[in-house]
Amino acid sequence: MSSLLHGLKDFPVDITAVITVSDNGRSTGKLRKEFNTPAVGDIRKVITNLSSTDEVIKNMLEYRFETSSDLDGHSVGNLILTSLLDITGSLDESIKALSKLLDVRHRVLPISEDSSLTLMGETFTGEIIEGEEQITKSKRSIKKIYYKEEPNVLPEVISSLKNSDLIIFSMGSLYTSILPNIICTDVKEALDSAKAPIMYLCNAVTQPGETDNFTVADHIQLINSYLNKRKVDVVIASNSSIDKEIACKYETEEQKDPVLLDRDNLKNLDVELIEGDLLTVVDNVIRHNSLKLSSEIFSYLMRD
């Protein structure tokens, strides 16, 4: 989502970014344990990418301490958000304060303010995995994900869904970034009553254990299986040709493969396909070209 918003923020649209808060790894996990707070790491990344302030300030927010002290691994932005949360007593208010400081014109909302929100995963072998970080690290095939306790979804999230012109499920980890928003009962009910089309931005590569051998249609079918009446209406997927050397590097070093664009299967799902040469390689890393992707989204919005 951070990469997407970096490009989309400069288009004439009003964005509300809804962020999961169940991460329990690295700096975020340490802060959750010590201060009993929701996860702030993904929120920090989104605020940084939506910010119109100087690059040096944004770099400061993303700076991670490398030290032998208790600061080791913590990012400056995570510490600032945690301090604001302690001052205001509200994650939403903390986000507003930091957004104002960093000249963010758009809105960033946590899916919930629950401090103990815990993501759970059940594998096809019946094993139960507790915690977002543990689900990712297990690299096992996940049968389903759910929360240990039903989240108290922020009312502003529900109203934003109902009043939007387009609802976007961003690219990112399906099981730990996208679905954790969708599986909330209140969100599914809000999607059912929302008038806006639902758009999915498909991942460029698979994720080990979670989406091995997944095609574009497989991604959509998985998302649809967690939804109620409303399903994905349109998907944006890349048809970029990936260099063989880069693809081999991903396959051998990260066990990731390019996501196959299966057009015929998408027709059977009654999903509109928008495709284009949307990928780029930066420092041997496959990335979506945020400007091209944002242009496709804006063009879709402007059809009427």
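Keep in mind that what you see is a predicted model, and the values were worked out from it rather than measured.
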Open item on the list: Measuring centre to centre across the rings, with the benzene-like ring taken for any Trp, is Phe214 within less than 6.0 Å of His219?
Closed with: yes

Open item on the list: Using every non-hydrogen atom in the two residues, find where Ser2 and Lys45 come nearest and quote the distance to one decimal.
Closed with: OG-CB, 3.3 Å

Task: Pair Asn152-Glu113, side-chain contact (heavy atoms from CB on, under 4.5 Å): steps then yes or no - done: CA-CA 7 Å; Asn152 295 298; Glu113 296 229 13; over 6 Å; no

Task: Worked verdict on Arg303 versus Glu272 for salt bridge (charged side-chain N to carboxylate O under 4.0 Å, His left out) - done: CA-CA 14 Å; Arg303 282 183 182 180; Glu272 179 185 348; 2.5 Å; yes

Open item on the list: Between Asp243 and Lys249, is there a side-chain heavy-atom distance shorter than 4.5 Å?
Closed with: no

Open item on the list: If we count only N and O atoms by modelled type, under 3.5 Å, do the side chains of Ser116 and Glu149 hold a donor and an acceptor together?
Closed with: no

Open item on the list: Would you say that Asn78 contacts Lys30 through its side chain, given a criterion of any heavy-atom pair below 4.5 Å between the two side chains?
Closed with: no

Task: hydrophobic_cluster_shared for Tyr250 and Val216, side chain cutoff 4.5 Å - done: no

Open item on the list: Looking at Asn213, I'd like to know if its CG atom is crowded, meaning that more than 12 non-hydrogen atoms belonging to other residues, nucleotides or ligands lie closer than 6.0 Å.
Closed with: no

TODO: Would you kindly say whether Thr123 and Thr125 are connected by a side-chain donor-acceptor distance under 3.5 Å?
DONE: yes

TODO: To the nearest 0.5 Å, tell me how far Asp114 CG sits from Leu91 CG.
DONE: 11.0 Å

- [ ] Could you give me the CA-CA distance, side-chain angles and deciding distance for Asn49 and Lys9, then say whether side-chain contact (heavy atoms from CB on, under 4.5 Å) is met?
- [x] CA-CA 8 Å; Asn49 279 277; Lys9 69 178 181 181; over 6 Å; no

Task: Inter-residue atom distance Tyr226.OH - Tyr146.OH, 0.5 Å rounding - done: 10.5 Å

Open item on the list: With no hydrogens and no angle check, just 3.5 Å: does a side-chain donor-acceptor pair link Asn24 and Gln134?
Closed with: yes

Task: Modelled atom types, side-chain donor and acceptor of Ser115 and Asn36, under 3.5 Å - done: yes

Open item on the list: Taking Leu291 as the starting point, is it possible to reach Val13 by hopping between hydrophobic residues whose side chains are less than 4.5 Å apart?
Closed with: yes

- [ ] Considering non-hydrogen atoms only, spot the tightest contact between Val259 and Thr206 and give its length.
- [x] CG2-N, 3.9 Å

Task: Arg32 side chain to Thr37 backbone, donor-acceptor under 3.5 Å - done: yes

TODO: Decide yes or no for Leu201 and Phe169: does some side-chain heavy atom of the first lie under 4.5 Å from some side-chain heavy atom of the second?
DONE: no

Task: Short N-O contact, Arg26 and Glu133, less than 4.0 angstrom - done: no

- [ ] Check step by step if side-chain contact (heavy atoms from CB on, under 4.5 Å) holds for Glu210 and Ile135.
- [x] CA-CA 9 Å; Glu210 296 183 13; Ile135 292 172; 4.1 Å; yes

Task: Minimum-distance pair of heavy atoms, taken over all atoms of Glu150 and Asp186 - done: OE2-N, 4.5 Å

TODO: Mind listing the closest non-hydrogen atom pair of Arg140 and Glu127 along with its distance?
DONE: NE-OE1, 3.2 Å

Open item on the list: Same cluster or not: Leu79 versus Ile57, using hydrophobic residues (I, L, V, M, F, W, Y) connected whenever any side-chain heavy atoms lie under 4.5 Å apart?
Closed with: yes

- [ ] To the nearest 0.5 Å, tell me how far Asn284 CG sits from Ile246 CD1.
- [x] 4.0 Å

Task: Ser51 side, atom OG; Leu61 side, atom CG - distance, nearest 0.5 Å - done: 7.5 Å

- [ ] Go through the steps for Asp92 and Lys96 under the test salt bridge (charged side-chain N to carboxylate O under 4.0 Å, His left out), then give the verdict.
- [x] CA-CA 6 Å; Asp92 187 28; Lys96 288 177 183 176; 3.8 Å; yes

Open item on the list: Any donor-acceptor pair under 3.5 Å linking the side-chain atoms of Ser94 with those of Thr88?
Closed with: yes

Task: Over all atoms of both residues, closest heavy-atom pair of Ile15 and His106 - done: N-ND1, 3.1 Å

Open item on the list: Can you confirm whether Ile19 sits close enough to Pro110 that some side-chain heavy atom of one is under 4.5 Å from a side-chain heavy atom of the other?
Closed with: no

Open item on the list: I need the Glu93 CD to Leu84 CG distance, nearest 0.5 Å.
Closed with: 10.5 Å

Task: Cys184 and Ile111, any side-chain heavy atoms less than 4.5 Å apart - done: yes

Task: Asp192 side chain vs Arg230 backbone, donor-acceptor pair below 3.5 Å - done: yes

Open item on the list: Do Leu279 and Tyr200 land in one hydrophobic cluster if side-chain heavy atoms of ILVMFWY residues count as linked below 4.5 Å?
Closed with: no

- [ ] Please confirm whether Tyr63 and Phe65 have ring centers closer than 6.0 angstrom.
- [x] yes

Open item on the list: Taking the side chain as everything from C-beta on, heavy atoms only, tell me whether Val232 gets closer than 4.5 Å to Leu269.
Closed with: no

Open item on the list: Could you tell me if the side chain of Leu109 sits less than 4.5 Å from the side chain of Ile95, heavy atoms only?
Closed with: no

Task: Euclidean distance, Asp218 CG relative to Leu260 CG, rounded to 0.5 Å - done: 9.0 Å

Open item on the list: Hydrophobic clustering (ILVMFWY, side-chain heavy atoms < 4.5 Å, transitive) - are Val282 and Leu5 grouped together?
Closed with: no

Task: Heavy-atom donor-acceptor pair, Gln255 side chain to Thr252 backbone, under 3.5 Å - done: yes

TODO: Take Thr176 and Ile142 through the side-chain contact (heavy atoms from CB on, under 4.5 Å) test and state the conclusion after the steps.
DONE: CA-CA 11 Å; Thr176 57; Ile142 302 297; over 6 Å; no

- [ ] Report yes if the side chains of Leu191 and Val187 come closer than 4.5 Å at any heavy-atom pair, otherwise no.
- [x] yes

Task: For the student: nearest non-hydrogen atoms of Lys162 and Ser193, plus distance - done: CE-OG, 3.6 Å

- [ ] Would you tell me whether Ser3 and Arg287 have side-chain atoms, one donor and one acceptor, within less than 3.5 Å of each other?
- [x] no

